[in-house]
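These numbers come from a predicted model, not from an experiment.
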Amino acid sequence: MLTSIRGFAATLLAGSAMVATPALAAEETNAPEAVETIAIDMVAVADAPSLDAIATPVTISEEVPTELVSLDNIERVSYIPPEETLSSNGDESGFELSGNVALVSDYRFRGVSFSDGDIALQGGIDLGHSSGFYVGTWASSISGGTAFGELELDVYAGWSGDITDGLTFDVGLLYYIYPTGDIPGVDTDYFEPYASVSTTIGPVGATLGVAYAWEQDSLGNQDNFYIYTDFEVAIPETPVTLTAHLGYTDGVFATDLSGNSIDWGIGASYAVTDSLSVGINYVDTEGPSIEDFTDAGIFFTIGYSM
């Protein structure tokens, strides 16, 4: 069973480059279709206007409603891009800068508390291009002790876009950094490539993703494999969205003594405005229940995206 799951993960990660290439090639021949949907806080734009068009007053299209996507407690916003977006200097650049900030009652990462059961402040900035490529950074306050310090800083880059009608692919590399740790000679930072596919099944949005951290000094020369699935559905004619999460860990980050564990959660979010939302989530993980670390609980979030 484990071998087959790991084989699937390797296929998904290894095939990411081959999937991305045809999508980019499609952009050259049929650009409007190739950039219909891109994830991770980016907005697609039309081709650059002529000098005459720049001199003519331009109407910016209305912002398209966003759909909150949760990836291991890292909030990102998935856009259905408008037809035209202008940069701050008035021309069509193809780039879009966005950000988000959140206050959470407990920072839970794959079922484990990184803030010792305390409130955490989080936020991120993303720069995306209409081609589908993006770079970004995200940070959270933590209670990591002397080795990890009081801050987690994540830096990532990747590509996201439609690979076929109704199927979105996202692939990238994430680097976890703990810059405030204070034990000389102890390495805490590590890399983790990731990939996911997302689609819609009736009214339900579904995502299947995988992440793999190879053997690194900061992981005690052990590896970690994680596969997860997320579901979300908006209640019609209300600002409420329901979510569900199920994840499987095999490796150094497992919370069970067997070396593998399952984490899960259900939640709901309420869109106060287009940018402001509040949420509630129940989170639990397999293995010993340690207070303010792996114990189950109900947690709250207030988030703002811009």
Side-chain angles (χ1 to χ4, degrees), residues 1-14 16 70-74 106-117 120 122 124 135-158 170-196 208-229 245-264 283-290 292-295:
M1 176 64 178
L2 178 58
T3 303
S4 62
I5 293 177
R6 281 183 174 269
F8 165 77
T11 301
L12 184 59
L13 287 169
S16 61
S70 175
L71 176 60
D72 300 335
N73 286 23
I74 299 179
D106 188 2
Y107 171 22
R108 290 276 168 155
F109 180 75
R110 300 174 187 174
V112 177
S113 175
F114 277 20
S115 59
D116 196 27
Q122 305 175 339
V135 295
T137 183
W138 181 89
S140 177
S141 59
I142 64 172
S143 296
T146 306
F148 290 88
E150 303 300 320
L151 177 68
E152 175 186 324
L153 177 64
D154 302 341
V155 179
Y156 49 87
D170 183 15
V171 60
L173 178 65
L174 199 154
Y175 184 36
Y176 297 87
I177 307 171
Y178 300 92
T180 61
D182 194 25
I183 297 182
V186 175
D187 187 5
T188 55
D189 306 342
Y190 66 97
F191 291 93
E192 185 181 64
Y194 58 85
S196 67
L208 175 64
V210 61
Y212 178 72
W214 64 85
E215 295 179 2
Q216 298 167 61
D217 291 342
S218 58
L219 304 182
N221 291 317
Q222 300 182 61
D223 65 349
N224 191 81
F225 165 75
Y226 186 70
I227 187 170
Y228 68 93
T229 183
H245 167 83
L246 179 65
Y248 172 81
T249 299
D250 174 36
V252 66
F253 294 142
T255 56
D256 191 75
L257 298 178
S258 64
N260 53 73
S261 59
I262 295 174
D263 67 279
W264 61 92
V283 177
D284 197 3
T285 185
E286 195 176 15
S289 178
I290 302 174
D292 295 332
F293 186 59
T294 58
D295 55 331

Less than 4.5 Å apart, any side-chain heavy atom of Tyr228 and any of Val210? no

Shortest non-hydrogen contact between Val252 and Leu219, atoms and distance: CG2-O, 3.8 Å

Is it the case that Asp263 and Tyr226 place a side-chain donor and acceptor less than 3.5 Å from each other? yes

So Thr285 and Thr255, side chain to side chain donor-acceptor pair (under 3.5 Å) or not? Walk me through it. CA-CA 7 Å; Thr285 185; Thr255 56; 3.0 Å; yes

Would you call the rings of Tyr107 and Phe114 parallel, tilted or perpendicular, taking 30° and 60° as the class edges? perpendicular

Could you state the interatomic distance from OG (Ser218) to CG (Asp187), rounded to the nearest 0.5 Å? 5.0 Å

Nearest heavy-atom contact between Gly251 and Asn224 is C-OD1, 3.4 Å

Leu153 and Tyr178: CA distance, side-chain angles, deciding distance, side-chain contact (heavy atoms from CB on, under 4.5 Å) verdict: CA-CA 6 Å; Leu153 177 64; Tyr178 300 92; over 6 Å; no

Which pair of heavy atoms, one from Thr294 and one from Asp284, lies closest together, and at what distance? O-OD1, 4.3 Å

No-hydrogen, no-angle side-chain donor-acceptor test under 3.5 Å, Tyr176 and Glu152: no

Do Trp138 and Tyr156 come close enough that some side-chain heavy atom pair is under 4.5 Å? yes

How long is the straight-line distance from CZ of Phe191 back to CG of Leu174, given to the nearest 0.5 Å? 10.0 Å

Shortest non-hydrogen contact from Asp217 toward Asn221: OD1-OD1, 3.2 Å

Once rounded to the nearest 0.5 Å, what's the spacing between atom CD of Glu150 and atom OG of Ser141? 8.5 Å

Distance (rounded to the nearest 0.5 Å) between Glu192 CD and Asp154 CG: 9.5 Å

For Asp189, all residues meeting salt bridge (Lys or Arg N to Asp or Glu O under 4.0 Å), sequence neighbours excluded: none

Over all atoms of both residues, closest heavy-atom pair of Ser140 and Leu151: O-CD1, 3.4 Å

Output the distance between atom OH (Tyr190) and atom CH2 (Trp214), rounded to the nearest 0.5 Å. 11.5 Å

Closest non-hydrogen atoms of Ile142 and Gly149, given as atom of the first, atom of the second and distance, are CG1-O, 3.6 Å

Value rounded to 0.5 Å, distance of CD1 in Ile227 from CG in Leu208: 5.0 Å

Partner set under side-chain contact (heavy atoms from CB on, under 4.5 Å) for Ser113, not counting sequence neighbours: Asp106, Arg108, Ser115

Using the test side-chain contact (heavy atoms from CB on, under 4.5 Å), find all partners of Ile262 that sit at least two apart in sequence or belong to another chain. Leu246, Tyr248, Trp264, Glu286

